[in-house]
Colleague: 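One structure, pasted below without further comment.
All heavy atoms count here, side chains included; hydrogens, waters and symmetry mates do not.
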Amino acid sequence: MNREFLEKIIKTFDDKSRKYKVKRMTGQCSIKPQSLYPHQCLISTTITGIIDDTRRIDTRDICENDIILAIESNGLHHYGYSLIDSLINTIPQIKKEIINGQNFIDEIMKPQYCYYDCLIKLINEKMIKGLVNISGCGFPRNLARIIPNGLCANIDLDQIYMPEIFHCLKSYLKVSDDEMLNTFNCGVGYVVIVSSNKKEYVINHINRYFPCRQIAIIKEGQKSIKFINHLNWNKY
């Protein structure tokens with residue numbers, strides 16, 4: 001890796017951190033020769049802040065008949081790339097695939113959606129009972145982390161609309177639906193849990209920014225996640 005370029009990036013982050021009084025905590029470098037073209041780099045950051053406890057979303061308030069909404073993703077986001085690197089190395093012809101009018105590499109490396117603008121108003125209005133950013137290990141296991149004991153998220157898989165990239169990956173990987181769900185976001189970028197009487201308001205607001213739909217309902221149960229129906233691979 002180009003050391004001079006790397007040092008320039010670090011200095012830039014240090015300068016901006018001082019300007020905006022943000023403490024730079026740590027960083028790491030990952031070289032991905034199968035996913036990036038020569039002389040390209042991808043910079044990703046995470047900001048952690050402190051929130052007034054009176055504005056904190058308390059997932060203990062989640063109860064039976066609450067509604068689970070999915071905000072769409074625009075692709076892989078940040079997760080599943082180790083598997084894709086291996087796939088590219090094993091089947092390099094996948095790079096010739098055209099997804100949404102662009103080549104495979106450009107499709108998997110495009111920036112993910114930022115959901116701040118569509119959620120901050122709802123958070124301030126206390127419309128939300130739970131939020132889950134779908135990261136590594138897919139959306140079912142991420143969602144399970146905030147479901148209170150004795151309750152179960154009944155997920156209708158038929159309501160999940162997967163971007164074209166996931167259709168392509170499944171055809172090359174030849175894996176089960178369960179493995180797809182446990183590895184990728186499968187079109188679910190963010191999950192929002194709301195009371196049933198606030199569902200329409202929240203959906204209408206989020207739809208001004210990104211497509212959003214109900215995919216599940218909270219019911220009593222011993223398992224935190226229960227699947228209904230199957231992924232519909234005929235949908236885009």
Colleague: Please check: side-chain N/O of N204 versus main-chain N/O of E200, any donor-acceptor pairing under 3.5 Å?
Modeller: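 Yes; at least one donor-acceptor contact below 3.5 Å.
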Colleague: Can you tell me how far SG of C118 sits from CZ of R208, rounded to the nearest 0.5 angstrom?
Modeller: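 These two atoms lie 10.5 Å from each other.
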Colleague: Does any non-hydrogen side-chain atom of F184 lie less than 4.5 Å from one of I165?
Modeller: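 The answer is no; the side chains never approach within 4.5 Å.
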Colleague: Just so I know, are the side chains of R141 and N182 near enough to count as touching, which here means a heavy-atom distance under 4.5 Å?
Modeller: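 They are in side-chain contact.
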Colleague: Hydrophobic cluster membership, with links at side-chain heavy-atom distances under 4.5 Å among I/L/V/M/F/W/Y: are L87 and Y79 in one?
Modeller: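 No; Y79 is not reachable from L87 via cluster members.
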Colleague: Start with the C-alpha distance between F227 and N154, add both sets of side-chain angles, then the distance that settles side chain to side chain contact (heavy atoms under 4.5 Å, CB included), and finish with yes or no.
Modeller: CA-CA 6 Å; F227 291 135; N154 289 257; over 6 Å; no
Colleague: Would you name the heavy atoms of C186 and M180 that are closest together and state the gap between them?
Modeller: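 The answer is SG-O, 3.4 Å.
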Colleague: Less than 4.5 Å apart, any side-chain heavy atom of I193 and any of I147?
Modeller: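 Side-chain contact under 4.5 Å: yes.
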Colleague: At what distance, to the nearest 0.5 angstrom, does CZ of F5 lie from NZ of K8?
Modeller: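 Nearest 0.5 Å value for the CZ-NZ distance: 7.5 Å.
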Colleague: Hey, is CD on Q222 packed in by over 12 heavy atoms from elsewhere, all under 6.0 Å?
Modeller: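 Atom CD in Q222 is not packed in, count stays at 12 or less.
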Colleague: Would you call R18 and D15 a side-chain contact if the rule is heavy atoms closer than 4.5 Å?
Modeller: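 Touching, per the 4.5 Å side-chain cut-off.
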Colleague: Membership question, hydrophobic clusters at under 4.5 Å side-chain separation (ILVMFWY): are I84 and I98 in the same one?
Modeller: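 Per the 4.5 Å side-chain linkage, I98 and I84 are not co-clustered.
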Colleague: Is it true that E7 and K11 have a side-chain N and a carboxylate O under 4.0 angstrom from each other?
Modeller: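 No, this pair does not count.
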Colleague: Which pair of heavy atoms, one from G221 and one from C152, lies closest together, and at what distance?
Modeller: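 In this case the closest contact between G221 and C152 is CA-CB, 4.0 Å.
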Colleague: Would you check if K198 and K129 make a side-chain contact, meaning some heavy-atom pair closer than 4.5 Å?
Modeller: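 A side-chain contact under 4.5 Å is absent here.
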Colleague: Taking all heavy atoms of L157 and all of N229, pick out the closest pair and write down the distance.
Modeller: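 That closest heavy-atom pairing would be CD1-O, 3.8 Å.
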Colleague: When rounded to the nearest 0.5 angstrom, what is the spacing between CG in L169 and CD1 in I108?
Modeller: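 Answer rounded to 0.5 Å: 8.0 Å.
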Colleague: Return the minimal non-hydrogen interatomic distance between Q112 and N74, and the atom names on each side.
Modeller: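 Minimum heavy-atom separation between Q112 and N74: CA-OD1, 3.5 Å.
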Colleague: Between the side chain of S73 and the main-chain N/O of G75, is any donor-acceptor distance below 3.5 Å?
Modeller: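 Checking the backbone N and O of G75 against the side chain of S73, a donor-acceptor pair under 3.5 Å is found.
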Colleague: Indicate yes or no: at least one non-hydrogen side-chain atom of D158 is less than 4.5 angstrom from one of H230.
Modeller: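 No. Closest side-chain heavy atoms not under 4.5 Å.
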Colleague: Among Ile, Leu, Val, Met, Phe, Trp and Tyr joined by side-chain contacts under 4.5 Å, find the other residues sharing a cluster with L119 and list them by chain and number.
Modeller: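 Listed partners: I57, I67, L69, I71, Y113, Y115, L122, I123, M127, I128, L131, Y190, V192, V194, Y201, V202, I203, I206, Y209, F210, I217.
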Colleague: Taking F166 as the starting point, is it possible to reach I91 by hopping between hydrophobic residues whose side chains are less than 4.5 Å apart?
Modeller: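 Shared cluster, yes.
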Colleague: Which heavy atom of I225 sits nearest to which heavy atom of A144, and what is that distance?
Modeller: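 Residues I225 and A144, closest heavy atoms: CG1-CB, 3.8 Å.
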Colleague: Taking the side chain as every heavy atom from C-beta outward, state whether I155 and L143 have any atom pair closer than 4.5 Å.
Modeller: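 Counting from C-beta outward, I155 and L143 do come under 4.5 Å.
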Colleague: Given the rule in the side chain to side chain contact (heavy atoms under 4.5 Å, CB included) test, do N65 and I218 qualify, once you have shown the distances and angles that lead to the verdict?
Modeller: CA-CA 5 Å; N65 294 321; I218 300 290; over 6 Å; no
Colleague: Could you give the distance from SG (C212) to CG (N207), rounded to the nearest 0.5 Å?
Modeller: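 One gets 6.0 Å once the value is rounded to the nearest 0.5 Å.
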Colleague: Check the surroundings of atom CZ in R60: do more than 12 heavy atoms from other residues, nucleotides or ligands lie under 6.0 Å from it?
Modeller: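 Atom CZ in R60 is not crowded, with 12 or fewer foreign heavy atoms closer than 6.0 Å.
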Colleague: Flag the pair I215 / D156 as yes when at least one side-chain heavy-atom distance between them is below 4.5 Å, and no otherwise.
Modeller: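 Not touching, per the 4.5 Å side-chain cut-off.
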Colleague: Rounded to the nearest 0.5 Å, what separates atom CD in Q102 from atom CE in M109?
Modeller: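 The CE atom of M109 is 12.0 Å from CD of Q102, to the nearest 0.5 Å.
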Colleague: For K95, does the NZ atom have more than 12 heavy-atom neighbours from other residues, nucleotides or ligands under 6.0 Å away?
Modeller: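 Open: at most 12 neighbouring heavy atoms sit under 6.0 Å from NZ of K95.
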Colleague: Is there a continuous path of hydrophobic side-chain contacts, each under 4.5 Å between heavy atoms, that joins V175 to W233?
Modeller: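 Hydrophobic grouping puts V175 with W233.
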Colleague: What's the spacing between N100 CG and C168 SG if we round to 0.5 Å?
Modeller: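 The distance works out to 10.5 Å.
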Colleague: Step by step, would you call K121 with E125 a salt bridge (charged side-chain N to carboxylate O under 4.0 Å, His left out)?
Modeller: CA-CA 6 Å; K121 180 176 184 289; E125 293 177 348; 2.7 Å; yes
Colleague: How far apart are the closest heavy atoms of L76 and N185, and which atoms are they?
Modeller: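 The pair with the smallest heavy-atom distance is O-ND2, 3.2 Å.
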Colleague: Quick one, L151 with K219, criterion side chain to side chain contact (heavy atoms under 4.5 Å, CB included). Give me CA distance, side-chain angles, the key distance, then yes/no.
Modeller: CA-CA 6 Å; L151 295 177; K219 292 294 184 181; over 6 Å; no
Colleague: Mind running side chain to side chain contact (heavy atoms under 4.5 Å, CB included) on Y161 and N232 for me, showing each step along the way?
Modeller: CA-CA 8 Å; Y161 290 69; N232 188 341; over 6 Å; no
Colleague: Answer yes if the side chains of N103 and D106 hold a donor-acceptor pair under 3.5 Å, and no otherwise.
Modeller: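 The criterion, which ignores hydrogens and geometry beyond distance, is satisfied for D106 and N103.
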Colleague: Got a sec, which residues hit side chain to side chain donor-acceptor pair (under 3.5 Å) with K170, two or more places apart in sequence or on another chain?
Modeller: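 D177.
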